[in-house]
Amino acid sequence: NAGVMQNPRHLVRRRGQEARLRCSPMKGHSHVYWYRQLPEEGLKFMVYLQKENIIDESGMPKERFSAEFPKEGPSILRIQQVVRGDSAAYFCASSELQGADTEAFFGQGTRLTVV
Amino acid sequence: AQSVTQPDIHITVSEGASLELRCNYSYGATPYLFWYVQSPGQGLQLLLKYFSGDTLVQGIKGFEAEFKRSQSSFNLRKPSVHWSDAAEYFCAVGAYNQGGKLIFGQGTELSVKP
């Protein structure tokens, strides 16, 4: 059973371009969470999705950021018109159930660099 | 406000010495508590978790943590540190109805001296 798969591992974008980050949850997991880790900081929650639904997007910046988890395929975090401040590591986690007593498994992250 | 504080940004210990990493939390609901480890360039690996029951929990790699409700703390300990334990350690808190939505501390970087 493969773990949470994120790709690409590293992504370089010029200011103003779009960044697409992909996350394939563990098999059987229907809950996906995205986190952002800025340099020298801990992880900050961005969004929680189930298949075809956004459950909690309280941590998402109000502009340029969007996320989806379609019925088929990976979850996508999209950042439009990237700026230098978007440079960070973006982690995806997945869980089988909703309750916090179920472990969330993390991917290895996508490290976005905006030049 | 809900928060997790790891007071020590960087700790250095000698190999074989004991280790304690501090974690304090502020959380309105009954907390679910976690410790994760992150090696450079890698994702997060769960070391241990506390949901209920015995307040001393055992984890992987010889780590343990003790939940102290009166002190709002969940400190991580290891009796004898190995060089391979050098990494960044994150404490996190969640709630039952929040699923995998966790609040993380800022992390403690552990260095191990030979």
Side-chain angles (χ1 to χ4, degrees), chain A residues 2-7 9-10 21 23-26 29-50 53-60 67 69 75 89-111 113, chain B residues 1-10 21-25 27-53 57 59-60 67 74 87-109:
Chain A
V4 177
M5 304 300 292
Q6 290 188 249
N7 67 81
R9 292 289 307 278
H10 300 274
L21 288 62
C23 169
S24 296
M26 286 182 69
H29 287 193
S30 60
H31 302 262
V32 166
Y33 311 83
W34 284 94
Y35 287 82
R36 177 165 63 175
Q37 184 181 30
L38 293 170
E40 309 298 326
E41 294 188 14
L43 279 74
K44 296 286 194 291
F45 168 79
M46 299 180 75
V47 62
Y48 163 33
L49 310 104
Q50 293 181 29
N53 287 301
I54 296 175
I55 306 302
D56 182 342
E57 56 182 348
S58 58
M60 287 280 271
F69 188 16
S75 176
Y90 292 82
F91 289 94
C92 169
S94 74
S95 66
E96 184 179 6
L97 302 171
Q98 183 179 5
D101 57 348
T102 181
E103 180 180 347
F105 292 83
F106 282 80
Q108 292 189 299
T110 294
R111 280 151 182 86
T113 302
Chain B
Q2 300 169 348
S3 65
V4 176
T5 301
Q6 294 179 244
D8 305 304
I9 295 175
H10 191 190
L21 301 182
R22 296 183 290 165
C23 172
N24 294 97
Y25 67 89
Y27 205 70
T30 300
Y32 287 38
L33 295 155
F34 307 81
W35 274 99
Y36 286 88
V37 60
Q38 183 183 33
S39 298
Q42 300 298 311
L44 277 74
Q45 181 182 22
L46 181 67
L47 285 175
L48 47 78
K49 57 191 177 186
Y50 172 78
F51 295 144
S52 64
V57 293
I60 62 171
F67 171 56
F74 189 57
E88 185 119 28
Y89 291 80
F90 292 97
C91 180
V93 65
Y96 176 75
N97 62 349
Q98 297 291 305
K101 178 183 178 181
L102 302 176
I103 299 170
F104 282 84
Q106 57 268 59
T108 297
E109 184 179 355

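Just so it is clear, the model here is predicted, and its values are computed rather than measured. First the proteins, then the strands, lettered A, B, ... as listed; each starts at 1.
In A:Met5, the CE atom is not crowded: 12 or fewer heavy atoms of neighbouring residues, nucleotides or ligands sit closer than 6.0 Å.
Contact of A:Phe105 with chain B is not made at all, since no heavy-atom distance falls under 4.5 Å. Looking at A:Ser58, the atoms closer than 4.5 Å to chain B (heavy atoms on both sides) all sit in the side chain, from C-beta outward.
Contact count versus chain A (heavy atoms, under 4.5 Å) is highest, among B:Gln45, B:Glu88, B:Gln38, B:Gln6, for B:Gln38. Interface check for chain B: of the options A:Gln6, A:Met46, A:Lys44, A:Gln37, the most heavy-atom pairs under 4.5 Å are formed by A:Gln37.
Here A:Tyr33 contributes atom OH and B:Leu102 contributes atom CG; the two are 8.5 Å apart, rounded to the nearest 0.5 Å. If you take CZ on A:Phe106 and OH on B:Tyr36, they are separated by 4.5 Å, rounding to the nearest 0.5 Å.
Across all non-hydrogen atoms, the minimal contact from A:Arg111 to B:Gln42 is NH2-O, 3.4 Å.
Partners of B:Tyr25 according to the ring-ring contact (aromatic ring centres under 6.0 Å, His included) rule, which considers only residues two or more places apart in sequence or in another chain, do not exist here. Take B:Ile9 and apply the side-chain contact (heavy atoms from CB on, under 4.5 Å) test, not counting sequence neighbours, and it matches no residue.
Side-chain contact check for B:Gln106 and A:Glu41: no donor-acceptor pair (N or O, by modelled atom type) lies under 3.5 Å.
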